[in-house]
Amino acid sequence: MLRHAISHARLMRESTDRVEAALRSSDGTEQLIARRVLESPVVWQQWESEHSSLMHQLANCGVPHVQVAALKQTTLRLLHGKALFQYLRQRTVRGNRRRQVIAHFRPGRSYESAIVAEHGVYLRKACSFLCASQLGSEVVQDPAFLDPMQRYEELYTEYFDIYCSSLTGTEEQSESRQALLPLLKRQLHEYRLAILDPGRAQPFLRREAELRRRTGDTQRLAAVKARPRGER
């Protein structure tokens with residue numbers, strides 16, 4: 001565990017290093033996000049300003065365990081914030097279906113302005129999400145940023161997919177898919193608690209790991225021992 005809270009300067013240095021590393025990543029989505037942010041001076045300035053503000057909030061925590069808790073909350077908010085355009089992009093939602101989804105989440109705005117704004121939001125939040133995840137898993141080295149956070153992202157993506165699909169599908173399809181939403185919402189709540197308070201959530205995490213082993217799902221819950229890392 002950290003002995004001291006991480007400074008704003010280091011948080012920003014680690015973050016910009018992560019963006020540059022994403023350009024060389026084998027993950028095509030990471031590469032695309034980093035390239036779109038870095039290739040436009042305007043987008044880069046917007047991202048840097050917003051991300052710096054987030055990092056200031058973390059740096060101001062002062063106490064390591066409070067800072068880690070704030071980093072987890074920030075990472076979850078970023079995950080939620082990038083979900084809309086990510087859904088449109090990954091599911092290749094086009095035409096009237098895309099307009100329906102945008103109108104639902106961004107009422108009162110023209111479709112054209114809403115989609116442009118949402119793309120910008122996605123780039124900035126997805127970029128900051130990469131950085132926050134790196135800070136949690138590699139700098140803070142908190143195990144909650146490994147399996148629980150990754151599983152939460154998978155579940156939230158599924159939840160958001162079903163919710164949005166129910167807006168544009170047939171009535172029969174909508175009802176059948178919507179029936180899954182309460183279960184997913186409960187799982188998300190349990191994983192959120194596991195991320196924020198992993199000590200109390202150990203029985204739940206062990207049950208989940210065992211269930212996923214039985215069903216053949218990838219099990220990434222490993223005990224991660226944090227190496228002492230001070231300010232540099």
How long is the span from the [atom1] atom in [X] to the [atom2] atom in [Y], to the nearest 0.5 Å?
{"X": "Ile115", "Y": "Ser110", "atom1": "CD1", "atom2": "OG", "result": "10.5 Å"}
{"X": "Arg186", "Y": "Leu183", "atom1": "CZ", "atom2": "CG", "result": "5.5 Å"}
{"X": "Asn96", "Y": "Arg98", "atom1": "CG", "atom2": "CZ", "result": "12.5 Å"}
{"X": "Trp47", "Y": "Ser40", "atom1": "CH2", "atom2": "OG", "result": "13.5 Å"}
{"X": "Leu146", "Y": "Ser137", "atom1": "CG", "atom2": "OG", "result": "6.0 Å"}
{"X": "His8", "Y": "His56", "atom1": "NE2", "atom2": "NE2", "result": "3.5 Å"}

Once you measure the plane-to-plane angle for His80 and Tyr156, does it fall in the parallel (<30°), tilted (30-60°) or perpendicular (>60°) bin? tilted
Geometric class of the Phe105/Phe160 ring pair [parallel <30°, tilted 30-60°, perpendicular >60°]: parallel
Show the nearest heavy-atom pair for residues [X] and [Y], with the distance to one decimal.
{"X": "Pro148", "Y": "Pro143", "result": "CD-O, 3.6 Å"}
{"X": "Val19", "Y": "Cys127", "result": "CG2-SG, 3.5 Å"}
{"X": "Arg109", "Y": "Ser113", "result": "NH2-O, 3.7 Å"}
{"X": "Leu76", "Y": "Arg192", "result": "CD1-NH1, 3.6 Å"}
{"X": "Ala126", "Y": "Lys82", "result": "CA-CD, 3.8 Å"}
{"X": "Cys131", "Y": "His51", "result": "CB-CE1, 3.7 Å"}

Would you sort out whether Ile6 and Val140 count as a side chain to side chain contact (heavy atoms under 4.5 Å, CB included), showing the intermediate values? CA-CA 9 Å; Ile6 307 171; Val140 174; 4.0 Å; yes
Count I, L, V, M, F, W, Y as connected when their side-chain heavy atoms are under 4.5 Å apart, and connections chain through other members. Are [X] and [Y] then in the same cluster?
{"X": "Met12", "Y": "Leu135", "result": "yes"}
{"X": "Phe85", "Y": "Val43", "result": "yes"}
{"X": "Leu38", "Y": "Phe129", "result": "yes"}
{"X": "Leu155", "Y": "Leu181", "result": "yes"}
{"X": "Val116", "Y": "Tyr111", "result": "yes"}

With the threshold set at 4.0 Å, does a side-chain nitrogen-carboxylate oxygen contact exist between Arg18 and Glu14? no
Report, as yes or no, whether the 6.0 Å neighbourhood of atom CZ on Arg35 holds more than 12 heavy atoms from other residues, nucleotides or ligands. yes
Can you confirm whether Arg200 is buried at CZ, in the sense that more than 12 heavy atoms of other residues, nucleotides or ligands lie under 6.0 Å from that atom? no
Can you confirm whether [X] sits close enough to [Y] that some side-chain heavy atom of one is under 4.5 Å from a side-chain heavy atom of the other?
{"X": "Met149", "Y": "Tyr191", "value": "no"}
{"X": "Thr75", "Y": "Ile195", "value": "no"}
{"X": "Arg124", "Y": "Val37", "value": "no"}
{"X": "Tyr163", "Y": "His104", "value": "yes"}
{"X": "Tyr122", "Y": "Ile33", "value": "yes"}
{"X": "Val68", "Y": "Lys72", "value": "yes"}
{"X": "Gln67", "Y": "Leu11", "value": "yes"}
{"X": "Arg89", "Y": "Thr29", "value": "yes"}

Please step through side chain to side chain contact (heavy atoms under 4.5 Å, CB included) for the pair Asp142 and Leu71, ending with a clear verdict. CA-CA 11 Å; Asp142 189 308; Leu71 177 58; over 6 Å; no
Apply the test side chain to side chain contact (heavy atoms under 4.5 Å, CB included) to residues Gln100 and Leu167: give CA-CA distance (whole Å), side-chain angles for both, the deciding distance (0.1 Å), then the verdict. CA-CA 7 Å; Gln100 285 180 277; Leu167 299 175; 5.8 Å; no
Are the side chain of [X] and the backbone of [Y] linked by a donor-acceptor contact shorter than 3.5 Å?
{"X": "Arg106", "Y": "Ile102", "answer": "no"}
{"X": "Asp161", "Y": "Thr157", "answer": "no"}
{"X": "Thr16", "Y": "Arg13", "answer": "yes"}
{"X": "Ser49", "Y": "Gln45", "answer": "no"}

Apart from Val66 itself, what residues make up its hydrophobic cluster when side-chain heavy atoms of I, L, V, M, F, W and Y under 4.5 Å apart count as a link, directly or indirectly? Val63
Take Val93 and Tyr87 through the side chain to side chain contact (heavy atoms under 4.5 Å, CB included) test and state the conclusion after the steps. CA-CA 8 Å; Val93 180; Tyr87 163 75; 3.8 Å; yes
Working for salt bridge (charged side-chain N to carboxylate O under 4.0 Å, His left out), residues Glu118 and Lys125: CA-CA 10 Å; Glu118 202 60 40; Lys125 290 191 181 297; over 6 Å; no
Going through the checks in order, is the salt bridge (charged side-chain N to carboxylate O under 4.0 Å, His left out) test met by Glu190 and Arg151? CA-CA 11 Å; Glu190 290 172 337; Arg151 181 59 177 158; over 6 Å; no
